[in-house]
Chemist: 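Below is the structure I would like to discuss, written out as structure tokens.
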Amino acid sequence: DSGVTQTPKHLITATGQRVTLRCSPRSGDLSVYWYQQSLDQGLQFLIQYYNGEERAKGNILERFSAQQFPDLHSELNLSSLELGDSALYFCATSRGAIGTDTQYFGPGTRLTVL
Amino acid sequence: AQSVTQLGSHVSVSEGALVLLRCNYSSSVPPYLFWYVQYPNQGLQLLLKYTSAATLVKGINGFEAEFKKSETSFHLTKPSAHMSDAAEYFCAVSGWNAGNMLTFGGGTRLMVKP
């Protein structure tokens, strides 16, 4: 158990809908990262927040957005969902935001878009 | 820009045999390198990381990896495979860029035959 929690574990929804994925970091971790894992794209970085501020952006679609709240939990919002958005979404957290920091991964949210 | 190549999407070994999973990286800055393991229906767990200290890095579960700058490689090894090592393994790189997101290789699925 990494100490990072993600809810829900599974999400099944229809095209065009909007969903919110939630991540609670380990105690003391200030950075939150979101990654997407799919069969065709592999593991891809989406976005990072550090202590409430956006730190870095990766291959995140405009239909997707995220935020980190004062209690440091984070939410990833996916809207106008398409079939291709079906994937496993991981949240990872770390103490700081430097390259040597270990990122601890949550168990993931499996999103299925029908 | 950084990238990671893992040679061999599937590797099969017999129980007790040497495990060798290959990883080559490309980075314009000194890299930090990581190996993660993913068991079915679970998140990623850190096996080991290289952060510019010793070039031979020992990790959990008997795994180790050697950073070779001249070969831009960070191969993962274990002297004797166990059935419980069957999983997917990911090599990743981060660096001094803004944000310390991980760039992952495509993964290698390790199968262990009895």
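Sequence lines set the chain letters: A, B, ... in the order given, protein chains first and strands last, and positions in each chain run from 1.
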Chemist: Please flag which part of B/L44 lies under 4.5 Å from any non-hydrogen atom of chain A: side chain, backbone, both or neither.
Modeler: both
Chemist: Return the minimal non-hydrogen interatomic distance between A/G99 and B/S94, and the atom names on each side.
Modeler: O-OG, 2.9 Å
Chemist: Check each of A/Y33, A/Y35, A/F90 against B/F104 using the ring-ring contact (aromatic ring centres under 6.0 Å, His included) test, and report the only one that passes.
Modeler: A/Y35
Chemist: Is it the side chain or the backbone of A/L43 that comes within 4.5 Å of chain B heavy atoms, both, or neither?
Modeler: both
Chemist: Could you tell me which of A/G108, A/G42, A/P107 has the largest number of non-hydrogen atom pairs under 4.5 Å with chain B?
Modeler: A/P107
Chemist: Ring centres of B/Y36 and A/F105 under 6.0 Å apart?
Modeler: yes
Chemist: Mind listing the closest non-hydrogen atom pair of A/F45 and B/L102 along with its distance?
Modeler: CB-O, 4.1 Å
Chemist: Chain B heavy atoms under 4.5 Å from A/Q44: which part of the residue, side chain, backbone, both or neither?
Modeler: neither
Chemist: Does one hydrophobic cluster hold both A/L72 and A/L46, with members joined at side-chain heavy-atom distances below 4.5 Å?
Modeler: no
Chemist: Please tell me whether A/L39 and A/V113 are part of a single hydrophobic cluster in this structure, the criterion being side-chain heavy atoms less than 4.5 Å apart.
Modeler: no
Chemist: Do the side chains of A/Q37 and B/Q38 get nearer than 4.5 Å, heavy atoms only?
Modeler: yes
Chemist: Write down the atom of A/Q48, the atom of B/N100, and the distance for their closest heavy-atom approach.
Modeler: NE2-OD1, 3.1 Å
Chemist: Counting only heavy atoms closer than 4.5 Å, note whether A/I47 contacts chain B via side chain, backbone, both or neither.
Modeler: neither
Chemist: Counting only non-hydrogen atoms closer than 4.5 Å, does A/Y50 touch chain B with its backbone (N, CA, C, O), its side chain (CB onward), both, or neither?
Modeler: neither
Chemist: Under 4.5 Å heavy-atom distance to chain B, tell me which part of A/T102 shows up: side chain, backbone, both or neither.
Modeler: both
Chemist: Under 4.5 Å between side-chain heavy atoms, hopping through other hydrophobics if needed: is there a path connecting B/L56 to B/F67?
Modeler: no
Chemist: Would you say B/F63 ends up clustered with B/Y32 if hydrophobic residues are merged whenever their side chains have heavy atoms under 4.5 Å apart, either directly or through other cluster members?
Modeler: no
